[in-house]
Amino acid sequence: MSSFPGNDAEFPMLARITGPGDLKGLTPAELAVLAGEVRDFLVAKVSRTGGHLGPNLGVVELTLALHRVFDSPTDRILFDTGHQAYVHKMVTGRQEGFDQLRRRGGLSGYPSRAESEHDQIENSHASTALSYADGLAKAFALRGEGRHVVAVVGDGALTGGMCWEALNNIAAARNPLVIVVNDNGRSYAPTIGGLADHLAALRLNPGYEKVLDLFKDALGRTPLVGAPLYETLHAVKKGIKDAVAPQAMFEDLGIKYVGPVDGHDIVAVESALRRAKGFRGPVIVHAVTRKGYGYQPAEDDEADCLHGPGAFDVETGKLLAPPSLKWTSVFADELVALAHRRPDIVGITAAMAEPTGIAKLMRTFPERAFDVGIAEQHAVTSAAGLAMGGMHPIVAVYATFLNRAFDQVLLDVAMHKLPVTFVLDRAGITGPDGPSHYGIWDMAAFGVVPGLRIAAPRDAATLRAELREAAEVSDGPTIVRFPTGSVPADLPAIDRRGPVDILARGQRRDVLLVAVGAFAHLAVEAAGRVAGQGYDVTVADPRWVRPIPAELVELAGEHRLVVSVEDGVRTGGVGDALGQAMRDAHVAVPLCNLGVPADWHPHGTRAEILTDLGLTAQDVARTVVETVSGLELADTTLTSTPNGVRATN
């Protein structure tokens, strides 16, 4: 293990690595020094910027071995999820970019095709790499190209059904493809499920690798003279394997298995990878690693091994930012309070118990909380079954991840009118994790689901209230969405119109500003700025944004202009739905719809990106003033033109 020197130390061995080719000639002793410097470099850089530390500390030797055995970018190395690709970035010429890791204009926290030819995929959602690898291997075979494909997947990713769909096809295709299972027993938290138990059994059986190696070596040296001898040897191998490791599912699929190997022993990992590379068919290399390896504060962090900390103190591993009330914490507390009052409340998450707050319910009512692994589709349909059985499931995932289970929400839950509540953490623009993690699609995508209601709380008080209201719904699904980060101060309503909260109101009804969720504070500030320009603004928070409340449409009809502002994609979002509801009700008031353009927006802080998108109080106020003054000018032109026909230039 390396010991971090506590300052910006020089990294002389690492400085020699400008590309993967520089790794080839290093001796084992030099590789050990390099691995230590890589860990020190990771801790030094991530402590300043924040990022995925624990996963990368765990794959240092594994990544070095991959680049010594394979020739990237000719050979394609694919990282599932991708948050463990920092070491890969370092050895492919991007060390200097780590000073701006996950910051505006700096390195992405995931593989990025725009950054390097060594990065092939960047969607950073788990359980996808094997399907990409299957397609790439088929393409190389069809084109007659002798290129290798390597997919690095975590044991957590193998809890996702898409991996098993891919494995089935990989086994059938028989193309050269190396699958490295990075088995650290965790995704965010300890890996859940039968597969995790199987891998643990392999890890804990030291005789398995030695016994299996003997028979693999014997088979490699034996001239196979026909089917009978092959079948005999195969039967012997299977018998030994079943004796020491029952349920050896990988080879039962038709994919060769190598391991388990110590993922922190670079010589052993290289040996396994070279054997796999030479097989010319699909092979799984099972590497056992420790998340957070080499940095004591990460190893001591039982919750998630410093999976993705913000800026932290190098010596202690403690976060530098002062503690504040987080949206997730408010939800977790209210969920436990609900569960105390109602025995039908159960929680479900997909390998994200701590990040989504479900962990608190698990500690309080362990029998009523379920972590299904990285399996969002299963989570949703399992929740449907729980609802059919008389429970009220609350499924907590990041907003971006519910996209993966749209069909299940639509047909398995909504079509059956089942009371399932989906709590979407990190909704809207989330910032440093980039476009694949932005939760900007949910209000548009799920707004079309019949019978589904969507709530967007603006503060802690409304989050608690709207979660309780969602749990009372018995005839269909609900969504409660909130952003990442700290909760703003409570913003009390000054009036209520049906379910709609009125947050500000002037003497005249010039403009109705409809604020969705966390944009309520922005809207109130914008209203004050507009008032300074001589126009009065009513600020309304619908609270439940889909379907559009009838009372909100009535309010719209009482104003000269309606402006909506939301932290989601504009196309198909709340503003679009409000416009349709106004047309259906024959409310002919002009509507200006402000939101996030449907595009791939780069990473940066939430504030930076919202500024780029024109979604600040100043921008909204300017838009309101320009639009309403434009309406006044048009009205003046219309009334001063003969026969009521607007003049044109």
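Just so it is clear, the values below take in all heavy atoms, side chains as well, and ignore hydrogens, waters and symmetry mates.
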Where is the tightest heavy-atom contact between [X] and [Y], given as atom of each residue plus distance?
{"X": "Met90", "Y": "Leu14", "result": "CE-CD2, 3.7 Å"}
{"X": "Phe482", "Y": "Leu463", "result": "CD2-CD1, 3.8 Å"}
{"X": "Leu467", "Y": "Leu335", "result": "CD2-N, 4.1 Å"}
{"X": "Leu361", "Y": "Gly347", "result": "CD2-N, 3.5 Å"}
{"X": "Ala465", "Y": "Arg543", "result": "CB-NH2, 4.1 Å"}
{"X": "Pro597", "Y": "Val569", "result": "O-CG1, 4.4 Å"}

Exercise. Taking the side chain as C-beta and beyond, is there a heavy-atom pair between Thr616 and Asp619 under 4.5 Å?
Worked result: yes
Problem set entry | Verdict with supporting geometry, Thr478 and Thr421, side chain to side chain donor-acceptor pair (under 3.5 Å) | CA-CA 5 Å; Thr478 52; Thr421 294; 2.8 Å; yes
Problem set entry | Cationic N near anionic O, under 4.0 Å, Glu96 to Lys89 | no
For this session: Indicate yes or no: does Lys360 engage Asp333 in a salt bridge with an N to O separation below 4.0 Å.
Result: yes
Within this structure, what is the [atom1]-[atom2] distance for the pair [X] and [Y], rounded to the nearest 0.5 Å?
{"X": "His601", "Y": "Ile440", "atom1": "NE2", "atom2": "CD1", "answer": "5.0 Å"}
{"X": "His52", "Y": "Tyr86", "atom1": "NE2", "atom2": "OH", "answer": "6.0 Å"}
{"X": "Thr430", "Y": "Tyr438", "atom1": "OG1", "atom2": "OH", "answer": "6.0 Å"}
{"X": "Asn184", "Y": "Thr289", "atom1": "CG", "atom2": "OG1", "answer": "4.5 Å"}
{"X": "Asp433", "Y": "His603", "atom1": "CG", "atom2": "NE2", "answer": "10.0 Å"}
{"X": "Tyr110", "Y": "Gln84", "atom1": "OH", "atom2": "CD", "answer": "10.0 Å"}

For this session: Could you give me the CA-CA distance, side-chain angles and deciding distance for Glu354 and Arg363, then say whether salt bridge (charged side-chain N to carboxylate O under 4.0 Å, His left out) is met?
Result: CA-CA 11 Å; Glu354 288 288 349; Arg363 291 189 287 269; 3.1 Å; yes
For this session: Output, in order, the C-alpha distance, side-chain angles, deciding distance and verdict of side-chain contact (heavy atoms from CB on, under 4.5 Å) for Val288 and Asp262.
Result: CA-CA 5 Å; Val288 180; Asp262 181 353; over 6 Å; no
Partners meeting ring-ring contact (aromatic ring centres under 6.0 Å, His included) with [X] (sequence neighbours left out):
{"X": "Phe370", "result": "none"}
{"X": "His88", "result": "His67, Phe79"}
{"X": "Phe519", "result": "none"}

Exercise. Does the ring of Tyr293 carry Arg290 above it, NZ/CZ under 6.0 angstrom from centre and within 45° of its axis?
Worked result: no
Sole candidate of [options] that passes side-chain contact (heavy atoms from CB on, under 4.5 Å) when paired with [X]:
{"X": "Leu64", "options": "Leu23, Val269, Ile17", "answer": "Leu23"}
{"X": "Thr63", "options": "Ile266, Val87, Val38, Val180", "answer": "Val87"}
{"X": "Asp567", "options": "Val516, Ile429, Leu522", "answer": "Ile429"}

Problem set entry | salt bridge (charged side-chain N to carboxylate O under 4.0 Å, His left out) evaluation trace for Glu566 with Arg481 | CA-CA 12 Å; Glu566 61 191 290; Arg481 70 183 309 268; over 6 Å; no
Ignoring hydrogens and angles, state whether a donor on the side chain of [X] or [Y] is under 3.5 Å from an acceptor on the partner side chain.
{"X": "Asp119", "Y": "Ser116", "answer": "no"}
{"X": "Asp425", "Y": "Thr356", "answer": "no"}
{"X": "Ser47", "Y": "Lys45", "answer": "no"}
{"X": "Arg464", "Y": "Thr462", "answer": "no"}

For this session: In sequence, state the C-alpha distance, the side-chain angles, and the governing distance for Glu117 and Ser72, and then conclude on side-chain contact (heavy atoms from CB on, under 4.5 Å).
Result: CA-CA 9 Å; Glu117 61 180 347; Ser72 177; over 6 Å; no
For this session: Dump the intermediate steps for side-chain contact (heavy atoms from CB on, under 4.5 Å) on Leu31 and Glu270, then the final yes or no.
Result: CA-CA 12 Å; Leu31 286 169; Glu270 274 194 50; 4.0 Å; yes
Exercise. Should the heavy atoms of other residues, nucleotides or ligands under 6.0 Å from CD of Glu367 be counted, would the total exceed 12?
Worked result: yes
Exercise. Does the pair Gln100 and Leu107 meet the rule for a side-chain contact (heavy atoms from CB on, under 4.5 Å), with working shown?
Worked result: CA-CA 6 Å; Gln100 293 297 316; Leu107 282 182; over 6 Å; no
